[in-house]
Amino acid sequence: MNELDSLVESATQLFAQSATPADLENAKAQFLGKAGRVTELMKGMAQLSVDEKKSRGAAINVAKQAIEAALTARRQALADAELRVQLKAEALDVSLPGRQRGQGGLHPVSLTLERIEGIFGSMGFDVAQGPEIETDWFNFTALNTPEDHPARSMHDTFYVEGGTPEAPNLLRTHTSPMQIRHAVQHVKKHRAALDAGQPMPEIRVIAPGRTYRVDSDATHSPMFHQCEGLWVGENVSFKDLKVIFTAFCRTFFESDDLVLRFRPSFFPFTEPSAEIDIQFQTGPLAGRWLEVSGSGQVHPDVVRNMGLDPEKYIGFAFGMGLDRMTMLRYGVNDLRLFFDGDIRFLSQFQ
Ligand code: DAH
């Protein structure tokens, strides 16, 4: 091997031993730099004859090009290696299962609400919404609830700013004020017909929504949900209430042999009044009487506060707890679960 071949070989070896781009540039300088060995060889030609210069120069150039080629190859190899390390560090494991986006869904109480609206809607009931901040008049007085009624005490009712001492504002303690609000609107709408002695279309409405009381345990929450029902006309009887509510419960609970019991009770705004109890014949709750709703024939004073003549108009009302209906339907035993927002609980209803 001649001197130039071994120069190329030692350059190639040194390049191969250079582990980093910086090492490689140092190695390059030793051969191709200003004081490098190839440059030295060029300088060494000064004494040679023209012919010798020609052949020696050509040979040195070949060697130089070989060294440059080795350098370029090594540079590329180092760059490739660096890229490989980088890719490995940033590697994505495409076989990992993707992170799923939760689908979301309706809250169980909302599902109950939708069901109730659907069932009563199919029986010709409208759905009405009303304010959660109520006046004393709509929540109590118009519903024939006397001044000294215990429901008015500070212990049950959340009072809020904005009213007067005589007519305080409060968070509605039940959805029953919607009986008055809706009926008054209805009567207003049909005033002309009424004044002309023509028949008024019946009032048939449910009014679901949030209600509030100072109360908190496994079956009571300071905020809870109720659904009011009202049917008023010239010829509406307790029998209609029984038919309607039985059909509703059997559809709602999907249980044809479910039986109802009307247990005498008291509410200021109905006379007579009854608690409605249901009994399943099968399933985990079979045989027990379960209270689901208050009800009764609308009190004449309340009919009057609706703007109607109690001698002519009669009807019934009911008010049930949506949270309780949901608990019974799904077998939930603690009301607070509905309001904790625990996704493990809520996702079971989807
Ligand atoms: N408002 C009553 C309550 O919260 C429930 C109720 C009872 C509503 C009888 C009615 C009714 O409409 O007729 O306890």
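Bear in mind that the values here come from a model prediction, so they are computed numbers and not experimental data.
A side-chain donor-acceptor contact under 3.5 Å links Thr173 and Asn139. Residues Asp80 and Gln76 bring a donor and an acceptor atom of their side chains to less than 3.5 Å of each other. Ser237 and Asn235 are not linked by any side-chain donor-acceptor pair at a separation below 3.5 angstrom, with hydrogens and angles left out of the test.
A cation-pi arrangement, defined by a distance under 6.0 Å to the six-membered ring centre and an angle within 45 degrees of its axis, is present between Arg181 and Phe138.
Classified by interplanar angle (parallel below 30°, tilted 30° to 60°, perpendicular above 60°), the ring pair Phe338/Phe345 is tilted. Using cut-offs of 30° and 60° for the angle between ring planes, the Phe269 and His174 rings count as perpendicular. Ring orientation note: the planes of His186 and His190 are tilted relative to one another, at an angle of 30° to 60°.
In this structure, the salt bridge (charged side-chain N to carboxylate O under 4.0 Å, His left out) partners of Glu254, at least two apart in sequence or on a different chain, are Arg115, Arg329.
For residues 84-101, the set of pairs meeting the salt bridge (Lys or Arg N to Asp or Glu O under 4.0 Å) definition, not counting sequence neighbours, is empty.
No donor-acceptor distance shorter than 3.5 angstrom exists from the side chain of Thr246 to the backbone of Val243, with no hydrogens or angles considered. With Arg324 contributing its side chain and Gln226 its backbone, the two residues share no donor-acceptor pair below 3.5 Å.
Considering every non-hydrogen atom in both Ala317 and Leu230, the closest pair reads CB-CD1, 4.1 Å. Ile180 approaches Leu143 most closely through the heavy-atom pair CG1-CD2, 3.9 Å.
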Tell me, with the steps shown, if Phe15 and Arg75 meet side chain to side chain contact (heavy atoms under 4.5 Å, CB included). CA-CA 9 Å; Phe15 294 163; Arg75 266 191 191 140; over 6 Å; no
